[in-house]
Amino acid sequence: MGEGPEQAAEVGEQLALVRAAGRRSAAPRARPRTWRDAERAERLPVARVLVDKGLVHLDRLFDYAVPAAMDAEARPGVRVRVRFGAGQREGRREGGRLINGFIVERREETDFPGVLAPLAQVLSTEPVLTPALLRLCRSVADRYAGALADVVALAVPPRMARAERRPSPEPQDPPAPPDPGGWARYPHGPGFLDALSRGEAPRAVWTALPGPGWADELARALATSLAAGRGALAVLPDGRAAARVDAALTALTGGGAHVLLTADAGREERYRRWLAVSRGAVRCVVGTRAAMFAPVHGLGLAAIWDDGDAAHRDEHAPQPHAREVLVLRAAQERAAVLLGGHGVTVEAAQLVETGWAGPLAAARETVRETAPVIRTVVEDDQRRDEAARYARLPTVAWQALRDGLAHGPVLVQVPRRGYAPRLACDRCRTPARCADCHGPLAAEGALELLGCGWCGRRAPEWHCDACGSPRLRAVVIGARRTAEELGRAFPAVPVRTSGRDHVLDTVPDAPALVVSTPGAEPVPAGPGYAAALLLDGWALLGRPDLRAGEEALRRWLNAAALVRPQPQGGTVVVLAEPTLRPVQSLVRWDPAGHARRELADRASLGFPPVSRMAAVSGPPDAVAGLLGAARLPPDAEVLGPVRLPVPDPGRPRRTGDPPAGEQWDRALVRVPPGQGAALAAALKTARAARLARRESAGARVLIDPSDIG
DNA sequence: TCACCTGCCCGC
DNA sequence: CGGGCAGGTGAA
């Protein structure tokens, strides 16, 4: 009798059992003939296992028998290997592939009517999937119509055996409570910290004053929660921002009280830090979006900075957003929430509007003292202005540059490539929207083929809602070369660039032209940039995206926040139509007001986040099939489907993009407030049923799509 | 009567 | 996903 693969696996499992029991030599007693004959644990002989496979229709737990030898190690939360999948040999079930999973619970009984297969191996004794983390993952999976196993894969980092062997540092005593520092600049700032130190759970939307103070203020909030004997967590959009809060917190506490969880650290180091948090040795985490799941013990404060930044949405299924995850966590763990940024998202404004969070903003007078002066210049001035035609710049912009360069570095914000143009009124530039569903209009080739990007309805007789003009224009893009020419216009001044591939961290406090794409602006040493020139107005506002205005304002504010305050001569020039709402909000430095007005508009037009949306995309038959099968909530409204445009070949393929050469449709499903959970559940159920029956290559479901035109 | 195929459904 | 198994089908 030859030793087939199944016999080899069986022997392997027995060896694993022997190893798990801590014996190095052969088993002393008669070896059980198969696993089925091995002794079971006496107490709680059933392990409920979350199988580590993202198949949506398998989004449930499976029971396995716990062999006696694994009894001590097979605790809830540990990683295990189990046999999974069909397999019958000679009438006995013993096949199936070995896959990884987590023990979720030990039980006395099982509901499964058949014979339980045994656990094959306990991979690690580290209880990584704690009850609190499991509960969070389950809520996130429900919220996003995703599979629990997919969310757990985001929340629990891959195992690094060496990191597990090393002990975590001894827990430190809580630091002394910090003084309010910059929070004294906000009328309700000290009160927020007081509530934190009393162990309460205040929730605030924080409109941070311009300038560099925010990182220190965020660190003080974290340290206050630590001082109150609770944990704290801050999620930042990128490693640079996280490093600034890390430095501020280290200066405040001496370090050791927190860990930095970013992609910069290697996988093993990252897991080592994560373990220190999971074990309760460290109770404060500063990190990028994956840190949103960090299993901080006794979480007292969950903070997020600049929640409008697209980096806060995870790109892996089911693509949860850090703000939403932290909001869920805060409710489950009774933690305080701090949603901070120079801008305010519509989602944050909604949390204030519903009373879930309170506003935390400085007085008007304080804002005026700390913000630079903002000037607007319209595009058309460029052609008229003779003096500055060399650099194709309006006089105002030219003067601001020249004056700024006499006093320090000047920031020039230029757009990134790759924004798809959208259509707007030729006269007043109000974005063109569908009369029926308010989706964005797009032209397929000629303008006669005008149609809605959401519902597909044609709009041959379009007239501007705002001014009545029948003429459209494609919003044009491109100011990059202007920045390049600036260097030639100021030959005596060094030009430094910062962008996607090469991000400059800081620049010295000396005259220089600093050309940067949004989000890559170097932090100036000293009092800040003397001036900033924001050249990407039309590119940002012209993006075919519901959030274009909000996003333009967010990027402008982030750049302008690096400029010296008005009393020190700081000036910002923005090339954009001064009557547009985001431009006016920038001039007045009123991001909260902008978000409130956007929220009111979205409510009246039935846009998210007031209504909840889901995008269903995939091959046309899959999209139609899923929508037909889903038992959607009664008030659900299906927009589309429409054919998705073929993505730019240059752009890296993202989740939700059709594969090369394939035609995909996308439909949007919209439900009124309060039906978001029902919508997610309906789509998840329908998708699971169809995947199980393999009726088609599955359609993708994305909750809260952000690029919906 | 048997070998093979296709579709369906399940996995502990 | 991957494999069993039921029920159908066709050739000897």
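These numbers were taken from a predicted model, which means no experiment stands behind them. Proteins get letters first, then strands, A, B, ... in listed order; numbering begins at 1 in each.
The residue Phe112(A) sits close to a base: some heavy atom pair falls under 4.0 Å.
Per the geometry, CZ belonging to Phe84(A) stands 8 Å off C1' belonging to dC12(B), to the nearest Å. Going from atom CG of Asp52(A) over to atom C1' of dG11(B) covers 15 Å, rounded to whole Å. With rounding to whole Å, Glu109(A) atom CD is found 19 Å from dC12(B) atom P. In this structure, CZ of Arg687(A) is placed 13 Å from C1' of dC1(C), rounded to the nearest angstrom. Atom CZ of Arg83(A) is separated from atom C1' of dC10(B) by 18 Å (rounded to the nearest Å). The nearest whole Å value for the distance from the CG atom in Leu61(A) to the P atom in dG11(B) is 15 Å. In this entry the distance linking CZ of Arg97(A) with P of dG11(B) reads 17 Å, nearest Å. Between the CZ atom of Arg48(A) and the P atom of dC12(B) there is a distance of 14 Å, rounded to whole Å.
Residues passing the ring-ring contact (aromatic ring centres under 6.0 Å, His included) test with Trp274(A), sequence neighbours excluded: none. Not counting sequence neighbours, the partners of Thr345(A) by the side-chain contact (heavy atoms from CB on, under 4.5 Å) test are Asp307(A), Arg323(A), Glu347(A), Ala348(A), Glu550(A).
With respect to Val623(A), the side-chain contact (heavy atoms from CB on, under 4.5 Å) criterion is satisfied by exactly one of Asp621(A), Leu627(A), Leu626(A): Leu627(A).
Between Glu126(A) and Arg279(A) a salt bridge is recorded (basic side-chain N to carboxylate O distance below 4.0 Å).
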